[in-house]
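Start at 1 with the first residue, then count along the sequence. Order of listing sets the numbers, starting from 1, for every ligand and every atom in it.
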Amino acid sequence: MMFQTRIEEIGERSLLAAKEYLLQGECVAFPTETVYGLGADARSDAAVANIYAVKGRPQDNPLIVHVHSGYDLNELVYDDKPYAKKLREAFLPGPLTLVYRSRGTVSKKVSCGLDTLAVRVPSHEGAQRFLRAVGIPVAAPSANRSKHVSPVTAGHVYDDLYGKIPLILDGGPCSGGIESTVCDVTGDRPVVLRAGLISREMIESVAGSCDMYVLKEGEPARSPGMKYKHYAPACKTKLFAPEELGKAKEEFFALQSGGTRVLVLCEGSAAAAFPQEAVLCLGNTPAEMAENLYSLLREAETRAEVLLAVEPVGRGGVMTGVLNRLRKACAEG
Ligand code: AMP
Ligand code: MG
């Protein structure tokens, strides 16, 4: 179906419209503290199928169910691990998705046939108002075309999904900037499947231990989404390690003198190596870099033919998530 996509501030009228659309099986985009989500009724096979169609998302990449704070998770999952309860109390509502054993109350299409279900309680006030107003569990991936850079403003959603959805709820720019941490809580100890703003170290400090899942070649992925190319801007990209700054500089000036429109994405401390007008500066702290990354990748594709990205120096904590996104955005293929 084709729509005249509308962007509306969050208010009584737009929330009522959002609820009606969801109950009709349509998708509605909404803000969260991480990125914008593309929500649909998680209980309905047809509504969930609609999400995959709108995004062009591979059929084996499961979705996260979003609920408002105070929603009884026992309706959806078996919340039986004491450490999982501790994590909930410490970090929810917030940018942490927990993967539980599913009770099978939502459409099987949400988890692509897995017996687990990923659940998230966003802290963003607009997301809370939306989820409370609709009152149903909302399945939602990021509200972008599959494989493109995730959206952190209503305008980004509009650029990717115009005509495909009826309504985008505008809650301003997302402050977190990268997708939620995904943490499996079905086993004896938590396992981070996707790094994010709640770091492995933060989870470990609450749960006592925490593993980081590493996808091994030839094994089925525990978090199917991790095997796909992601977050890619439309321009060509090339990634340099922090110690390759000199090489990045050489390449920059070679491209520029050849007439190529080239920009550099780097952290504040590396910016001085390049002409100021060619730098897309990620910022100086891990939180700033997470917040700015996707907006800058989207800016790069509108202004540059080639983006040279220099990895920031920092490692661990929130930088694990930032680097993971940056590397995927600049990956080949
Ligand atoms: P997105 O909504 O685009 O941010 O992607 C959701 C992420 O959550 C993907 O990387 C999925 O692989 C992961 N995910 C969702 N549900 C599950 C699940 N039941 N088990 C493991 N990972 C999941
Ligand atoms: Mg996504």
Side chains of Glu299 and Tyr294: do they bring a donor and an acceptor to under 3.5 Å?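 No, no side-chain donor-acceptor pair sits under 3.5 Å.
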Classify the side-chain pair Arg132/Ser69 by whether it contains a donor and acceptor separated by less than 3.5 Å.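 Checked: Arg132/Ser69 side chains pair up, N/O donor to acceptor below 3.5 Å.
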Honestly, is Arg189 close enough over Tyr83, meaning NZ or CZ under 6.0 Å from the six-membered ring centre and within 45° of the axis?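 Checked: cation-pi criterion not met.
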Heavy-atom distances under 4.0 Å decide this one: backbone, side chain, both or neither, for Val99 against ligand 1?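 Val99 to ligand 1: side-chain contact only, backbone stays beyond 4.0 Å.
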Select one of side chain, backbone, both or neither to describe which atoms of Asn61 lie under 4.0 Å from any atom of ligand 1, heavy atoms only.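 Looking at Asn61 and ligand 1, just side chain atoms fall under 4.0 Å.
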So for ligand 1, is Arg194 a polar contact partner (N or O within less than 3.5 Å, distance only)?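 In this structure, Arg194 places an N or O atom under 3.5 Å from an N or O of ligand 1.
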Identify, by atom number and element, the atoms of ligand 1 in contact range of [X], meaning under 4.0 Å from any of its heavy atoms.
X	answer
Thr116	18 (C), 19 (N), 20 (N)
Ser142	2 (O), 3 (O)
Pro141	2 (O), 3 (O)
Leu193	21 (C), 22 (N)

Just go through His66, Arg57, Arg101 and tell me whose heavy atom is the nearest to atom 6 (C) of ligand 1.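 Closest candidate by heavy-atom distance is Arg57.
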Taking NZ, NE, NH1 and NH2 as the nitrogens, is one of them in Asp160 or Arg145 under 4.0 Å from a carboxylate oxygen of the other?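 Judged by the 4.0 Å cut-off on N to carboxylate O distance, Asp160 and Arg145 do form a salt bridge.
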Is Arg101 salt-bridged to Asp80, cutoff N-O under 4.0 Å?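 Salt bridge flag = yes for Asp80 with Arg101.
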Does atom CD (Glu243) have a neighbourhood of more than 12 heavy atoms from anything else shown, all under 6.0 Å?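 For Glu243, atom CD is crowded (more than 12 foreign heavy atoms under 6.0 Å).
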Strictly distance-based, threshold 3.5 Å: is any side-chain N or O of Glu244 a donor or acceptor partner for the main-chain N or O of Ala241?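 The answer is yes, because a donor-acceptor pair under 3.5 Å joins these two groups.
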Could you confirm whether Ser142 has any N/O/S atom lying under 2.8 Å from the Mg ion (ligand 2)?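 Checking Ser142: at least one N, O or S atom is under 2.8 Å.
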